[in-house]
Amino acid sequence: MSTTSERTTVEASPVYPAGSRVNERGHLEIGGCDVVDVAAEFGTPAYIYAEDDIRARASAYLEAFRSRTDDFEVLYASKAAPITGIYRLCAEAGLSVDVASGGELYMALRAGFDPEQIYLHGNNKTETELRYATDSGVGHVIVDSFGEIERLDSMLDRQQDVLIRVTPGILPTTHSYVQTGGLDSKFGFGLEDGLAERAIAEVRASHNLRLVGLHAHIGSQIFELEPYVSAIEALAGLTGPDWECRILNVGGGLGIAYTSADEPPSIDDYVDVKIRGVKRVFDPVPRVLIEPGRSLVGNAGVTAYEIGTVKEIPNVRTYLSVNGGMSDNLRPMLYGSRYEAIVANRAGEVSDTLATVAGMHCESGDILITDAMLAAPAVGDILVTPATGAYGYSMANNYNGVPRPAVVFCRDGDARVVVRRETWDDLVARDVE
Ligand code: LLP
C-alpha cells in the first residue's frame with residue numbers, strides 16, 4: 001500500500017467520455033447514468049458507451065472538414081468497434097464507413113449504410129467477400145494485391161470503382177504491430193519498390209476496374225502529425241498527366257489519451273494537417289477521405305468490472321482480480337498498453353492505494369494494469385477502466401470459456417443494452433452433435 005495520493009478528476013480528464021462526472025453519491029457517472037447502477041442492472045463486465053460522446057466526435061470531424069473543404073467524406077473505421085448501434089449512430093451522423101471483411105460489410109449494410117458509402121478494405125479479401133461487396137453495390141473497393149486486381153476484374157461484368165492501397169514507406173512512432181506504412185508490410189503496394197506504379201498500370205489496363213484514387217493508412221495510435229504529411233507528399237508522386245486522383249483516402253490513426261499523461265493532437269489539428277498537406281501537393285485537389293476508428297469511439301467507452309478477489313503479498317504487491325481481463329481487453333497483453341482505473345462506487349475519494357489489476361484468466365500475463373492508484377479498492381467494488389471503447393469489444397474472445405460482455409449505451413440518464421451479454425449456452429451454440 002502506498003501513501004501517495006492522487007485526486008480523481010474525471011470531469012477534466014480527456015480519458016473519460018465527455019460529460020462524465022462524479023455524482024452526488026460519489027459514483028462515476030457516464031452519459032448521465034450512474035455506473036454503479038448500470039453495473040447492478042446489466043451486470044459486469046460491461047462495455048459502457050456515452051452515445052453523445054461518439055456523436056460529438058463525429059461532428060468534430062465533419063466540422064473540421066467543412067470549414068476547410070467542401071469535397072470530403074469521413075469514414076468510420078468500424079474495426080474499432082463493430083457494433084450495430086455504433087454503425088447506426090455513424091450512419092445517422094452522416095459518416096461513411098470502412099469495412100475490413102465480409103462480416104463488417106454485413107453489419108454495415110444491416111445497420112443501414114448506403115452501399116455507395118461503404119469502402120471495402122483487406123489484404124486478403126476472399127472471392128466470396130468480393131462478390132458480396134460487388135453484388136451489394138459497395139461504392140469502393142480498396143485493392144491491396146495484384147492477385148486481387150485480377151480476381152476482382154475477372155468476376156465483374158460492370159465497372160467497379162477502386163482505390164489502390166499504397167504503403168508509402170513511412171513509419172510513424174507507435175507500436176510496431178500497428179505500423180502499416182512501411183515498405184516491409186503485408187498491406188498494399190510499395191512506392192520504393194515500384195509496385196504501386198505497376199498496380200496503377202494494371203488497374204488502368206483492366207476491363208472492369210475504374211481507378212478513382214489512392215489510399216494510405218500508415219498506422220494507428222499516432223501522436224505525431226508530420227508522418228501524415230510525408231505520406232501525402234509521397235502519394236502525390238504517383239499521379240501523372242494521364243490519370244487524375246479524384247479520391248484520396250488518407251487513412252486513420254489519430255491517437256487517443258489512454259491515461260491523463262497522454263496528450264494527443266486535437267481532431268481539428270489532425271484534419272487541418274491532412275487537408276493542408278493535400279492542398280499543397282495535389283492539383284487538382286481530390287476529394288479527401290479520412291478513416292478514424294479509435295479517435296471516434298475509444299474515449300467514448302469504458303469497461304466496468306467487479307472486483308472479486310484481493311490478494312496482498314507482503315512486500316511485493318496487491319493484486320485485485322476482476323471478472324474479465326484478456327478476454328475483453330487484449331491491448332495490455334498485445335501492445336503493452338497502459339490504462340487507468342477508478343473505483344466507480346468511490347469515485348469521489350482520494351486514490352491512495354497502489355494495486356495491480358489482474359484479470360480472471362489462467363495466465364500470469366493477464367494483467368490489465370500494473371500499479372494502478374485506486375481509492376481503497378475492496379471485494380464487490382465496481383472497477384472501471386476508461387478509454388476502452390476501441391479495439392476492446394472488437395478483439396474480445398472466449399478464452400477460458402468466458403462469455404463476452406454486454407454493450408450498454410448511456411444517454412441523458414438512460415441506459416440500454418445494445419448487445420446482450422453472451423451466455424454459457426452461446427459457448428456451445430455452434431456445436432454440431
Ligand atoms: N484504416 C485502415 C485501413 C486501418 O487498417 C485502420 C486500423 C484504420 C483505418 C483505423 O485506424 P485508427 O483511427 O483506429 O487508428 N488493434 C490495434 C489497432 C489496429 C488498427 C488496425 N487498423 C489496437 O488495439 O491498438
Side-chain angles (χ1 to χ4, degrees), residues 47 54 57-58 60-61 73-82 86 90 95-101 104-105 108 118-125 140-144 163-168 170 172-182 185-189 213-225 227-228 231 235 248-258 262 264-265 267 270-271 274 288-301 303 326 328-339 368 385 387-397:
Y47 298 112
I54 305 176
R57 287 177 212 268
Y61 267 105
E73 264 174 87
V74 177
L75 280 55
Y76 168 46
S78 62
K79 68 208 77 188
I86 297 185
C90 290
L95 305 194
S96 299
V97 66
D98 144 9
V99 297
S101 68
E104 287 183 1
L105 171 57
I118 302 181
Y119 290 75
L120 177 66
H121 281 281
N123 65 303
N124 185 29
K125 306 177 193 76
H140 299 84
V141 175
I142 291 78
V143 293
D144 210 288
L163 277 72
I164 289 180
R165 176 159 186 172
V166 180
T167 36
I170 312 278
T173 309
T174 186
H175 196 285
S176 64
Y177 290 4
V178 294
Q179 286 175 329
T180 48
S185 167
K186 68 171 182 164
F187 299 106
F189 303 94
L214 301 173
H215 167 274
H217 169 76
I218 56 172
S220 198
Q221 183 61 7
I222 302 166
F223 281 23
E224 308 157 300
L225 294 176
Y228 297 115
L235 291 182
L248 182 67
N249 184 330
V250 294
L254 176 61
I256 64 164
Y258 280 96
D262 293 333
I267 287 174
Y270 170 68
V271 169
K274 285 193 169 182
V288 185
L289 270 54
I290 203 164
E291 264 171 1
R294 191 189 315 266
S295 55
L296 275 173
V297 297
N299 290 117
T303 309
M326 63 196 294
D328 58 76
N329 185 4
L330 261 181
R331 300 196 68 264
M333 304 82 197
L334 267 184
Y335 319 113
S337 308
R338 210 44 223 153
Y339 284 84
L368 288 168
T385 48
T388 50
Y391 305 112
Y393 173 87
S394 54
M395 299 200 296
N397 58 76

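In listed order, ligands and their atoms are each counted from 1. When a residue number appears, it is its place in the shown sequence, counting from 1. As the structure is a prediction and not an experimental result, all values here were calculated from the model.
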Sequence neighbours left out, what passes side-chain hydrogen bond (donor to acceptor under 3.5 Å, both in side chains) with S220? Give chain and number order.
R294

List the residues meeting side-chain hydrogen bond (donor to acceptor under 3.5 Å, both in side chains) with T167, not counting sequence neighbours, and say none if there are none.
none

What about the rings of H121 and H217, do their centers lie closer together than 6.0 Å?
no

Residue shell around ligand 1, heavy atom under 4.0 angstrom:
A77, K79, D98, H121, R165, V178, H215, H217, S220, Q221, G252, G253, E291, P292, G293, R294, R331, Y335, Y391, M395

Heavy-atom pair of closest approach, residues Y393 and P82:
CE2-O, 3.6 Å

Can you label the angle between the H140 ring and the Y119 ring as parallel, tilted or perpendicular, going by 30° and 60°?
parallel

Under the side-chain hydrogen bond (donor to acceptor under 3.5 Å, both in side chains) rule, collect the residues that match up with S185, sequence neighbours excluded.
none

